[in-house]
2 protein chains.
Amino acid sequence: MSISKRKLMILKAIIDDYIMTGTPVGSRTLAKREDMHISPATIRNEMADLEEEGYLEQPHTSAGRTPSDKAYRLYVDTLMNVSTLNAEEIEFLQHYLNTKVNQVNNVIEATAQVLSEMTNLTSLVLVPQLEKTEIKRIQIVKISLNKALVVLIFNTGTVKDVLITVPSEMEDSHLENISNWLTELVVNKRLEEAMKQVKYFAKGDLKEHKVFAEQLLGAVLKNLHAQAGKDVVLGGAKNIFNHPEYQNVDKAKRFLALLETKDTLYKILAANNDMEFTIRIGRENAIPELKNMSVITATYRISNEKIGTFGVIGPTRMDYARILSVLHCMSSSMNEIFMHSLEPEDNNYENNGYGSNNGKGK
Amino acid sequence: MSISKRKLMILKAIIDDYIMTGTPVGSRTLAKREDMHISPATIRNEMADLEEEGYLEQPHTSAGRTPSDKAYRLYVDTLMNVSTLNAEEIEFLQHYLNTKVNQVNNVIEATAQVLSEMTNLTSLVLVPQLEKTEIKRIQIVKISLNKALVVLIFNTGTVKDVLITVPSEMEDSHLENISNWLTELVVNKRLEEAMKQVKYFAKGDLKEHKVFAEQLLGAVLKNLHAQAGKDVVLGGAKNIFNHPEYQNVDKAKRFLALLETKDTLYKILAANNDMEFTIRIGRENAIPELKNMSVITATYRISNEKIGTFGVIGPTRMDYARILSVLHCMSSSMNEIFMHSLEPEDNNYENNGYGSNNGKGK
DNA sequence: ATTAGCACTCTACAATATCGAGTGCTAATT
DNA sequence: AATTAGCACTCGATATTGTAGAGTGCTAAT
C-alpha cells in the first residue's frame with residue numbers, strides 16, 4: 001500500500017515547515033504556501049489519513065500536526081532535497097580545521113567545535129580507534145623509584161600512556177632494552193596482534209623478558225579498554241538550549257546528564273559500524289533515553305582506513321539535509337587533513353565527498 | 001567603626017539561613033529561631049543598619065534580606081563554623097580516588113567527578129602544570145614519510161606530544177640518536193631550562209643537531225603553550241541546575257557558555273597563585289561574568305611540589321564551610337595518592353589537612 | 001533601648017475571561 | 001467522486017483580577 005503523490009507532497013511540506021518553525025503545522029498555514037493549490041479542508045482530510053498511517057501526530061486536538069519518527073525516516077530516505085554548503089561555509093570550515101593540524105587531538109577538538117557551531121547542535125567525535133591503528137613505538141620510562149610509564153605511539157599520531165609498577169631495582173637501561181626489544185617485536189602491528197606476538201614469541205626465548213613484557217602489555221590493554229569511554233570529545237553542549245524543545249530546565253538537565261555518561265556516548269558512536277553515514281531517528285536509537293533525539297554520524301579516515309566516527313545529536317526536529325551536507329563536507333576535509341599531514345606523498349586520493357553511496361541506517 | 005556583637009550574630013544567622021534555604025530571610029522567621037531572644041522589630045532595625053552598611057540587600061521592598069558579597073566575605077573570614085566531613089564521606093572520597101590510581105589523568109578526572117558530586121557544584125581541575133615538572137624523556141618517532149611525533153614524558157607521569165615535519169630522507173635511527181642525545185641533555189630539567197640548555201650547549205658542538213633540536217623544542221614549546229587552555233577538566237556541569245538561581249534557562253545557558261571557553265577557566269584556576277586555598281566571592285573575581293558566582297580553589301602536590309589547582313564554581317550562595325572541608329580532605333587525599341604512587345619510599349609525609357594556615361583570598 | 005501595633009508593599013498563586021489557530025463533520029459545489 | 005466552504009467546537013496561550021502571605025518601616029508604648 002503506497003502513499004499517493006499528493007500525500008507525500010503534503011507530508012514533505014509539513015516536515016519542512018516543522019523543521020523550520022518548530023510549531024505544529026496546521027492546514028490553514030500550509031494552504032497559504034504558494035505551491036499549494038488545494039484548500040485547507042482537503043489538506044485536513046489528507047492529514048487525517050497520514051495520522052492514521054502513523055506519519056503524523058497531534059500534541060492535542062486543536063493543535064497542528066507534527067511529524068513522527070516514521071515520517072522523518074521517510075523524509076531522510078526519499079523526500080528531502082539534498083543541499084550543499086555554500087562557498088563561504090566550506091571556506092569557514094576548512095580554515096578552522098587547517099589552523100589546528102599540528103596535533104591529532106587538536107584536529108579532533110576543532111572538529112567538535114566547528115561541527116557544533118555549523119549545525120547548532122551538540123557534536124560528538126570519537127578519537128581514532130586503537131583497534132585499527134598500528135604501533136610505532138613502545139617506550140617504558142621510569143619516573144620514580146618503582147613506577148614507570150609505558151608510552152605507546154601509534155601511526156595515527158595518537159599517544160597512550162599507562163602507569164605501571166616496576167621493581168625498584170630495575171634499571172633505566174634495562175627498561176630501555178625492553179622498550180627497544182618490544183618495539184622491534186610489535187612495530188607496525190595492531191594492539192591485539194602485538195599481544196599475540198609477545199605471547200608467542202616470548203615463549204621460547206628471552207625468558208626474563210617474557211613475563212615482564214606479557215604483564216606489561218596485559219596491563220596496558222586492560223587500562224586502555226577501561227578508558228575507552230573517555231575517548232569521546234564533545235562540542236556545543238550548550239546548543240541544546242537553542243531549541244524550543246529544551247527550554248524546559250528539567251529536560252535540559254537530563255540531556256546534560258546523558259552527555260556526562262561518556263560510556264553511553266561511546267556506544268552511540270561505536271554503533272556506527274563503519275557505515276559512511278548513519279541516521280538514527282528517535283526510537284531507532286537503541287538507547288531509550290534517546291527516544292526524542294536523532295543521531296547522525298559519519299566516519300573519518302586516516303591513511304584511508306576508517307578510524308573514527310563523528311556526528312551530532314539533537315532533537316528529532318533537526319535540519320537533516322543541512323546536517324548531512326555539513327557532515328559530508330567535514331568528512332572530506334578531515335580525510336584530506338589527515339592525508340596531507342600524515343601521508344603527503346600520496347596526493348591523488350579519491351574524491352569521497354558528496355557521493356551517492358551514503359549507506360543510511362536501518 | 002566595628003559592628004556590634006549582636007549585629008554579627010544576626011548577620012551570621014541570616015547567612016546560614018540563606019545558604020540553607022535560598023529564599024530571602026525575613027525578621028519574623030529569624031526571630032522564631034530558638035537561639036534568638038529578640039523580637040522581629042529589633043531584628044528589623046538591625047537589619048536596616050546592616051543594609052546601610054552594605055552587608056545586606058533586598059530584592060524588593062517587601063521581601064526578606066539577602067547577604068551581599070561583603071557579607072559573605074566577612075562570613076568566610078570570621079563568622080562561619082568550620083566543619084569537617086564525617087567518616088563515610090571521607091571513606092567515599094578516598095575509595096573513589098583509589099580505584100583510579102593507574103593513570104595520572106584518571107586521578108584528575110576522578111577528582112573532578114567526586115568533587116562535583118560531593119559539593120553539588122561544578123568542579124574544575126587543572127592538570128599538572130608543566131612549568132613545574134621535570135622532563136624524563138624526549139622521544140621522536142617517525143609516523144609517516146615526513147611527519148614525526150615528539151613525545152615528552154615528565155616526572156609527574158604526564159605525557160605531551162607534538163606533531164612535527166621532518167625531511168623525508170631523515171632516518172629512524174637518526175631520530176633515535178637525537179632523541180637519546182636530547183634526553184640526556186635535558187633529563188630532570190624543566191621545560192624552559194631545557195630550552196636554554198639546548199640553545200647554550202648546542203652552540204658549539206654537534207652543529208647538525210643544534211638547528212634541528214632548537215627548532216624542535218621551539219615547536220614543542222609553542223604548541224604546548226597554545227594548548228594550555230585545554231588543561232582544565234570539568235565535572236558536574238549539570239549541577240548548576242540544582243540551584244534555584246539557575247532555573248532560568250537563559251542564565252544556565254550563559255553559565256555553560258562560560259564553561260566552554262576553557263581559556264577563562266584556566267585563568268580562573270591559574271589565578272590561584274600557589275595559595276593553599278583561595279575563596280573569591282562574586283565581584284572579587286576578576287572576570288565580570290562571574291559577578292554572581294564564587295570560586296573556591298585548592299592546590300595539590302606531586303612530590304611535595306604545588307603542581308596543580310582544583311576547585312569549584314557556583315552561585316555566591318554556596319555552603320562555604322562544607323566546600324572548604326571537602327577541598328581540605330580532597331587535597332590531602334590527592335597528595336597522598338600522588339605520594340604513594342610516585343614516591344612510595346617516603347611515607348612519613350606531613351599531615352597537611354585541616355591546618356590553620358588557609359591563606360584565603362583577597 | 002526594645003517592642004507591640006498598624007498601615008502599606010510586593011510576589012506568588014489561583015480563578016476567570018478572551019483570543020486565535022486548529023480540528024472534524026456536513027452539505028454544497030465542481 | 002473529489003473538493004471545498006461553512007460551522008460548531010476544542011484547547012493552549014495570554015491577560016486580568018483578586019487574594020493570601022510574608023515582609024517592611026514607622027510610631028507610640030513599655
Side-chain angles (χ1 to χ4, degrees), chain A residues 3-11 13-18 20-68 71 244-245 247-249 251, chain B residues 3-11 13-15 17-18 20-68 71 244-245 247-249:
Chain A
I3 315 164
S4 80
K5 205 147 189 182
R6 192 174 65 183
K7 275 208 184 68
L8 287 179
M9 195 262 283
I10 290 174
L11 185 57
I14 291 173
I15 300 176
D16 280 336
D17 196 289
Y18 186 66
M20 290 297 295
T21 67
T23 51
V25 187
S27 57
R28 253 184 72 82
T29 38
L30 209 58
K32 274 181 198 145
R33 290 174 48 147
E34 51 202 19
D35 53 342
M36 282 281 161
H37 301 293
I38 42 182
S39 79
T42 314
I43 295 177
R44 277 205 287 282
N45 291 330
E46 301 282 47
M47 276 174 158
D49 290 356
L50 283 168
E51 186 171 351
E52 214 163 279
E53 291 164 53
Y55 289 102
L56 292 178
E57 286 161 359
Q58 248 184 323
H60 56 88
T61 51
S62 78
R65 290 341 201 265
T66 58
S68 67
E245 289 89 338
Q247 287 305 85
N248 176 324
V249 174
K251 272 192 188 170
Chain B
I3 315 165
S4 79
K5 204 146 188 182
R6 193 174 67 182
K7 275 208 183 71
L8 287 179
M9 194 261 283
I10 290 173
L11 185 57
I14 292 174
I15 300 176
D17 195 289
Y18 186 65
M20 290 297 294
T21 67
T23 51
V25 186
S27 57
R28 254 185 69 84
T29 37
L30 209 58
K32 274 181 200 146
R33 290 176 47 149
E34 51 202 21
D35 53 342
M36 282 282 161
H37 302 292
I38 42 183
S39 79
T42 313
I43 295 178
R44 277 205 287 282
N45 289 331
E46 301 282 46
M47 276 174 158
D49 289 356
L50 283 167
E51 185 171 352
E52 215 163 277
E53 291 163 55
Y55 290 102
L56 292 178
E57 286 162 359
Q58 247 184 325
H60 57 86
T61 51
S62 77
R65 299 319 209 277
T66 58
S68 67
E245 287 90 337
Q247 287 305 84
N248 176 325
V249 175

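Chain naming here is simple, since letters A, B, ... match the order of the sequence lines and numbering starts at 1 in each.
- Here the P atom of nucleotide dG24(C) and the CG atom of Leu56(A) are 11 Å apart, to the nearest Å.
- dG22(C) atom P lies 10 Å from atom CG of Asp17(A), rounded to whole Å.
- Rounded to an integer number of Å, the gap from Leu30(B) CG to dA22(D) C1' is 14 Å.
- Proximity of Thr42(A) to Ser39(A): side-chain heavy atoms (C-beta onward) are separated by under 4.5 Å at one or more points.
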Can you name the atoms? Protein N/O to nucleotides 14-20 of chain C N/O, anything below 3.5 Å, with the distance.
none

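- When side chains are defined from C-beta on, Ile3(A) does not count as touching Leu11(A), because their heavy atoms never get closer than 4.5 Å.
- One interatomic measurement links the two molecules: CD of Gln58(B) to C1' of dT9(C), which rounds to 11 Å at whole-angstrom precision.
- Met47(A) approaches Gly26(A) most closely through the heavy-atom pair CE-C, 4.1 Å.
- No option in Ile15(B), Thr21(B), Ile14(B) other than Thr21(B) meets the side chain to side chain contact (heavy atoms under 4.5 Å, CB included) test with Asp17(B).
- Using a distance-only test at 3.5 Å, with no hydrogens or angles considered, a donor-acceptor pair links the side chain of Ser68(A) to the main chain of Gly54(A).
- Tyr55(B) and Ala71(B) make their closest contact through O-CB, 3.2 Å (heavy atoms, listed as atom of the first residue, atom of the second, distance).
- We find that NZ of Lys32(A) is positioned 17 Å from P of dT4(D), with the value rounded to whole Å.
- The CG atom of Asp35(B) sits 8.5 Å away from the CG atom of Leu30(B) when rounded to the nearest 0.5 Å.
- The line from CD of Glu57(A) to OG1 of Thr66(A) is 5.0 Å long, rounded to the nearest 0.5 Å.
- Atom P of nucleotide dC25(C) and atom CE of Met47(A) are separated by 15 Å, given to the nearest angstrom.
- Interatomic distance, CZ of Arg6(B) versus CE of Met9(B), reported as 7.5 Å (0.5 Å rounding).
- Rounding to the nearest 0.5 angstrom, the gap separating the CD1 atom in Ile43(B) from the CZ atom in Arg33(B) is 9.5 Å.
- Across Pro40(B) and Ser27(B), no two heavy atoms sit closer than the pair O-CB, 3.6 Å.
- Judged as a side-chain contact (heavy atoms from CB on, under 4.5 Å), and not counting sequence neighbours, the contacts of Asp49(A) are Lys7(A), Glu46(A), Glu53(A).
- Nearer the 5' end of DNA chain C, as judged by each residue's closest nucleotide, is the contact made by His60(B), out of His60(B) and Gly26(A).
- In this entry the distance linking CD of Glu51(B) with P of dG23(D) reads 15 Å, nearest Å.
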Requested in this report: Could you summarise the pairing of DNA chain D as dot-bracket text, marking Watson-Crick and G-U pairs under 3.5 Å with ( ) or [ ] inside the strand and | across strands?
Outcome: ||||||||||||||||||||||||||||||

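- Between Lys5(A) atom NZ and Ile10(A) atom CD1 the span is 14.0 Å, to the nearest 0.5 Å.
- Remark: Glu51(A) pairs with Leu56(A), Gln58(A), Arg65(A) by the side-chain contact (heavy atoms from CB on, under 4.5 Å) rule, at least two apart or across chains.
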Filtered N/O pairs between nucleotides 5-7 of chain C and protein, under 3.5 Å:
{"unit_1": "dG5(C)", "atom_1": "O6", "unit_2": "Arg44(B)", "atom_2": "NH2", "d": "3.4"}

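- Taking atom OH of Tyr18(B) as the reference point, atom P of dA22(D) lies 18 Å away to the nearest angstrom.
- Residue Thr61(B) has no polar side-chain atom (N or O) positioned under 4.0 Å from OP1 or OP2 of dT24(D).
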Pairs: protein N or O with nucleotides 1-3 of chain D N or O, under 3.5 Å:
{"unit_1": "dT3(D)", "atom_1": "OP1", "unit_2": "Arg6(A)", "atom_2": "NH1", "d": "2.8"}
{"unit_1": "dT3(D)", "atom_1": "OP2", "unit_2": "Arg6(A)", "atom_2": "NH2", "d": "3.1"}

